[in-house]
Visitor: 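Pasting a structure below so you can have a look.
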Amino acid sequence: MDPNPQTVLPRTKRKPDITTVLRKSWYHLRLSVRHPSRVPTWDAIVLTAASPEQAQLYDWQLRRAKRMGRIAPSTITLAVPDPEGQRIGSGAATLNAIHALTKHTELVVNGGDGAVGLMGKKHILLLHAGGDSKRVPWANPMGKVFLPLPFLAADNPDGPVPLLFDHILAIASCARQAFKNEGGIFTMTGDVLPCFDASTLILPPDSSTIITVPITLDIAANHGVIVALKSEIFDESYTVSLVDNLLQKPSVDELVKNQAILDDGRALLDTGIIAVRGNAWVELVKLACSCQPLISELLKSKKEMSLYEDLVAAWVPTKHDWLQHRPLGEALVNKLGKQRMFSYCAYDFLFLHFGTSSEVLDHLSASDSALVGRRHLCSIPATTVSDIAASSVVLSCKIADGVSIGEDSLIYDSNISSGIQIGSQSIVVGMNVPKDSDNMAGNSIKFMLPDRHCLWEVPLVGCTERVIVFCGIHDNPKNPLKKDGTFCGKPWEKVMHDLGIEENNLWSSSSSQEKCLWNAKLFPILSYFEMLRVGMWLMGLSDGKNLHYLPLWRNSPRVSLEELHRSIDFSKMCTGSSNHQADLAAGIAKACINYGMLGRDLSQLCEEILQKETSGVEICKDFLALCPKLIEQNSKILPKSRAYQVQVDLLRACGEETKAYQLEHEVWASVADETASAVRYGFGEHLLESSGSKSTLAFRNNNHVSSMDKPFCPKTVKVELPVRVDFVGGWSDTPPWSLERAGCVLNMAVSLEGSLPIGTVVETTNSNGVLIIDDSGKELHIKELASIAPPFDGDDPFRLVKSALLVTGIIRENILVSNGLRIRTWANVPRGSGLGTSSILAAAVVKGLLQIIDGDDDNENVARLVLVLEQLMGTGGGWQDQIGGLYPGIKYTRSYPGIPLRLQVFPLVASSQLISKLQERLLVVFTGQVSNQVFHTCLHLRILIVILLRPCRFD
């Protein structure tokens, strides 16, 4: 390796598509949670906290994340507070968290080698989420990492509001595979969402790696900068290099001196994401298991050890001399100094920082409108009785009539009664404004929040009232009184002058602390509406009323932001939030049952309702009792399958699993009936009727099917079809989804070993009955065709052909009066391979039968009939498999609900170069997973295709 620092080759930074990156990451997260044995997940997820009380809140949030399917059941979750509630720095907090995790899992008591070996094989995700969020004070109670971030919220409209934490979990889930079989830790910060495709991440073995991104020098001057040696691994979207130096907030001269400027004039930003793998991780575990004396030393000296300055410097030799003079520096060099650190520079990287309130609003307002869910799990009034701006973001809220909300404001987890005006670009969190009281009678406006302000409530330990807190969006609580300090956007001098407040009313003269908003005793503890009125006065909205409000404010007990942070009643806050969410979910579910068409996801809503421990089940039982009346009233337009499914969801929520299981059979029977009806009008009603019934005779007159009741004439039909590879869109083709909503799938027909692997031969015979022969040599001769009727035995090897005889009308129309059929089928591909084998074979049989009777063998008609066939068989498939086999090449197919179900196939003309590359590189490997594991098999096939189509580097 060249010992001289050399700049990384310049790349043009492409702005990543946040929506695409997040959707891919969420898809990966869901797979890792549901199937961790196939898609590896984290062995443990650990959060650092500022205090034991905050750690309790984080534990509650972690349990919530598990309940909502964000974290796998097998993953250990742990929130670790700084010892004695004293700040020790992110580096010491990292060691403390690893040590606490080791103790928690009972792997170690005294830090022995056996424990290190076991811990060294684990894969840990660590989020630094402790400390006080002074620049985002309204997020202090919940923890900044758990602030609401409704990206992709519309993808799951009845699910919980996505949090910053949830999106971080999604991004991080893709990074897990980079560790492969080596244990390690992936460390992130809780106030940043790094939008990049972490599945491309490369981590050199037995070392640490810091994620970097090129940035301009003006930004570099305020952040950490990495100096990297010549790149060892190149790619269009990333480079991997050995780290030569670390710089903190460097000037341009320092950047030049340390050769930190890239060829394109930028520098490498330290993103705060650090991975440690293999032997480097083992050494870090050893240090953590013996770190308690070191941390005690920090506590006594009241010093801190930073992860981003001190701990990482141990892996960079040029920093060792500097590190020796830092807190615990000598121990870091001795324990970790033999390992090295690499830089993984991601060029397609977007750094969303949530360090201030204005940054939070910027990310919500500047993002693509399709990305941000602006209304989610909320109850809002009609536009004729309220004024709520379309650009505002309202999440988990109940808003009463007579409320005004300005543009680009964020309202979260609140209950807002009439007479509240909220300005533009404001933030309201956790407010529970009660209805009108005697104190407010006669006032149409109870409270006004000006533009660019924050408002939130905080429950305090030992206090019955929740304290109302507020400040300006751009107020920096850390700014000193005499140096740009502001309150509600105005300098302190003007605030005190206008309100008649003295400096000693806010700050103790004996305190050595620097006077600022953070420690100003501003917020009174009064009755709720008194706090609202005094709040408007403090914000400068009650001109000329100092004589009334000033004495009330002076004589009331008051608290500062700092005191609030130390006194939050997290238990009361969690209970209140859970009950609020449950009440909202119950209101939405009740409206859905009373007035709607049961289009909401009752199972998810019930999850929230059941969080009300004392009354959740009773609420669900009340909803269950409403269902019969609803079904009776809407029987002509409400799909039966949907009505049954709602009852199944409610039965499960009530704990009646046996009844739910029994009723589930009715769900799928109804889906089969509705699918048959979607083929053409009346088809489902007559599908299983006998040939002599009046309705069948009438149906036959209107839908003529050629008869074979004529002198025997030999006829043979052979149909051969390819298999299909599904690229995207699978499951949107499957009933009942495709019967109610549009579906779209991109797939491709492929031959195997130069031939079409699926086929059938249908021949007429001069003997009665039907002879079926499959490719294993099994035969079945059916003399009495009237005996063919569902439900079919799941182990019946001939149910596919029997179902085909039904859907083509051969049995219903009594076509085989004096003649018979011989049907031979084959599929030269393993059953359950994930290539659409059974549906494509069904398409071949249906097409062959229709040709033999001179029926409509148009591909679209065949595809619809196979859709019905799948329901009769009980496999519940959709239309994309048969479309993939019936139509050649690559195609994009859309379906539109209706009678009949409409299918539109758009062939995509591939270039000769693409076809050549596919033929050269496409490899289909059967993984051996069949039957109920088909979904997983498809995943494995896709992974193999991606590897062959895209150059990859392997260790």
Side-chain angles (χ1 to χ4, degrees), residues 1-13 89-91 94 187 189 192 194 196 202-204 207-235 237-276 280 304-330 332-334 336-347 349 351 353:
M1 181 183 292
D2 188 341
N4 297 316
Q6 183 169 326
T7 55
V8 180
L9 290 180
R11 300 287 194 278
T12 300
K13 184 179 179 183
S90 54
T94 299
T187 304
T189 56
V192 170
F196 76 115
I202 290 179
L203 301 178
S207 60
S208 61
T209 302
I210 188 164
I211 314 302
T212 60
V213 61
I215 41 87
T216 56
L217 301 189
D218 58 328
I219 298 177
N222 296 308
H223 296 277
V225 170
I226 303 300
V227 182
L229 295 173
K230 182 189 295 186
S231 302
E232 292 187 334
I233 302 174
F234 298 87
D235 188 84
S237 58
Y238 64 83
T239 58
V240 179
S241 318
L242 190 64
V243 173
D244 181 66
N245 205 349
L246 308 170
L247 306 176
Q248 288 297 324
K249 299 183 179 179
S251 64
V252 173
D253 289 341
E254 288 177 294
L255 291 170
V256 172
K257 178 182 177 181
N258 289 279
Q259 302 181 50
I261 301 178
L262 308 178
D263 290 344
D264 60 3
R266 295 182 293 173
L268 293 181
L269 173 72
D270 166 10
T271 64
I273 304 174
I274 299 169
V276 189
E304 299 182 19
M305 185 185 81
S306 168
L307 169 65
Y308 309 103
E309 293 183 53
D310 302 317
L311 199 152
V312 296
W315 292 309
V316 181
T318 56
K319 298 293 292 184
H320 284 181
D321 289 343
W322 170 86
L323 184 58
Q324 296 278 0
H325 303 286
R326 298 282 294 171
L328 309 186
E330 186 175 346
L332 292 176
V333 173
N334 292 337
L336 307 178
K338 295 180 181 179
Q339 310 302 327
R340 294 294 176 265
M341 171 169 272
F342 287 83
S343 160
Y344 175 92
C345 179
Y347 294 98
F349 188 106
F351 194 82
H353 188 225

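Quick caveat, the model's predicted, so the values are computed rather than measured.
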Visitor: Find the distance between CD (E304) and OG (S90) and round it off to the nearest 0.5 Å.
Guide: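 So the CD of E304 and the OG of S90 are separated by 8.5 Å.
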
Visitor: Tell me every residue that passes side-chain hydrogen bond (donor to acceptor under 3.5 Å, both in side chains) with N222, counting only those two or more places apart in sequence or in another chain.
Guide: none

Visitor: Quick one: closest heavy-atom pair of P250 and L255, and the distance?
Guide: CG-CD2, 3.5 Å

Visitor: Atom CD of residue position Q248 - does it have more than 12 heavy atoms of other residues, nucleotides or ligands inside 6.0 Å?
Guide: yes

Visitor: Which residue, L229, T209, I210, V312, forms the side-chain contact (heavy atoms from CB on, under 4.5 Å) with V243?
Guide: I210

Visitor: Mind checking what makes side-chain contact (heavy atoms from CB on, under 4.5 Å) contact with L336, not counting sequence neighbours?
Guide: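 For L336, the residues satisfying side-chain contact (heavy atoms from CB on, under 4.5 Å) (neighbours in sequence not counted) are E283, L284, L287, L311, A314, W315, L332.
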
Visitor: Which heavy atom of G272 sits nearest to which heavy atom of T189, and what is that distance?
Guide: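 Shortest heavy-atom separation between G272 and T189 comes out as O-CG2, 4.2 Å.
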
Visitor: Would you check if the side chain of N258 reaches a backbone N or O of A260 as a donor-acceptor pair within less than 3.5 Å?
Guide: no

Visitor: Residues two or more places apart in sequence or in another chain: which of them pass side-chain contact (heavy atoms from CB on, under 4.5 Å) with A280?
Guide: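 Listed in chain order: V276, Q339.
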
Visitor: Any heavy-atom pair between the side chains of L268 and V227 that's under 4.5 Å?
Guide: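 No; the side chains remain at least 4.5 Å from each other.
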
Visitor: Could you work out, with salt bridge (charged side-chain N to carboxylate O under 4.0 Å, His left out) as the rule, every residue matching E309, not counting sequence neighbours?
Guide: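 So E309 forms no salt bridge (charged side-chain N to carboxylate O under 4.0 Å, His left out) with any residue.
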
Visitor: Checking T318 now: which residues fulfil side-chain hydrogen bond (donor to acceptor under 3.5 Å, both in side chains) with it, not counting sequence neighbours?
Guide: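 For T318 there are no side-chain hydrogen bond (donor to acceptor under 3.5 Å, both in side chains) partners, ignoring immediate neighbours.
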
Visitor: Can you list everything that forms a side-chain hydrogen bond (donor to acceptor under 3.5 Å, both in side chains) with S343? Sequence neighbours excluded, please.
Guide: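 With neighbours one apart ignored, the set is T212.
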
Visitor: Show your reasoning for whether side-chain contact (heavy atoms from CB on, under 4.5 Å) applies to L269 and V225.
Guide: CA-CA 5 Å; L269 173 72; V225 170; 5.8 Å; no

Visitor: Main chain of D263, side chain of R266: is a donor-acceptor contact present, judged purely on distance under 3.5 Å?
Guide: no

Visitor: To the nearest 0.5 Å, how far apart are CZ in F342 and OG in S208?
Guide: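 It is 8.5 Å, given to the nearest 0.5 Å.
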
Visitor: Heavy atoms only: give me the nearest D310-W322 pair and the separation to one decimal.
Guide: OD1-CH2, 3.5 Å

Visitor: Looking at CZ of F351 and NE2 of H223, how far apart are the two atoms once the value is rounded to the nearest 0.5 Å?
Guide: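 So the CZ of F351 and the NE2 of H223 are separated by 7.0 Å.
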
Visitor: How close do Y344 and I202 get, counting heavy atoms only, and between which atoms?
Guide: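 Here Y344 and I202 meet closest at CE1-N, 3.4 Å.
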
Visitor: Please report the interatomic distance CG(L247) to CD1(I226), rounded to the nearest 0.5 Å.
Guide: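 Rounded to the nearest 0.5 Å, the CG-CD1 separation comes out at 8.0 Å.
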
Visitor: Atom CE in M341, atom OG in S241: separation rounded to 0.5 Å?
Guide: 13.0 Å

Visitor: Please lay out, stage by stage, how K319 and N245 fare under the test side-chain contact (heavy atoms from CB on, under 4.5 Å).
Guide: CA-CA 7 Å; K319 298 293 292 184; N245 205 349; 3.2 Å; yes

Visitor: Output side-chain donor-acceptor pairs under 3.5 Å for residues 213-220, partner residues at least two apart or in another chain, one line each.
Guide:
unit_1: T216; atom_1: OG1; unit_2: D218; atom_2: OD1; d: 2.4

Visitor: Taking only residues two or more places apart in sequence, or in another chain, which ones meet V333 in a side-chain contact (heavy atoms from CB on, under 4.5 Å)?
Guide: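 So V333 forms a side-chain contact (heavy atoms from CB on, under 4.5 Å) with H320, L323, Q324.
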
Visitor: What about Y238 and Y347, are their ring centers closer than 6.0 Å?
Guide: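 Here the rings of Y347 and Y238 have centres that are no less than 6.0 Å from each other.
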
Visitor: Only counting residues at least two apart or in another chain, list the ones meeting side-chain hydrogen bond (donor to acceptor under 3.5 Å, both in side chains) with T271.
Guide: none

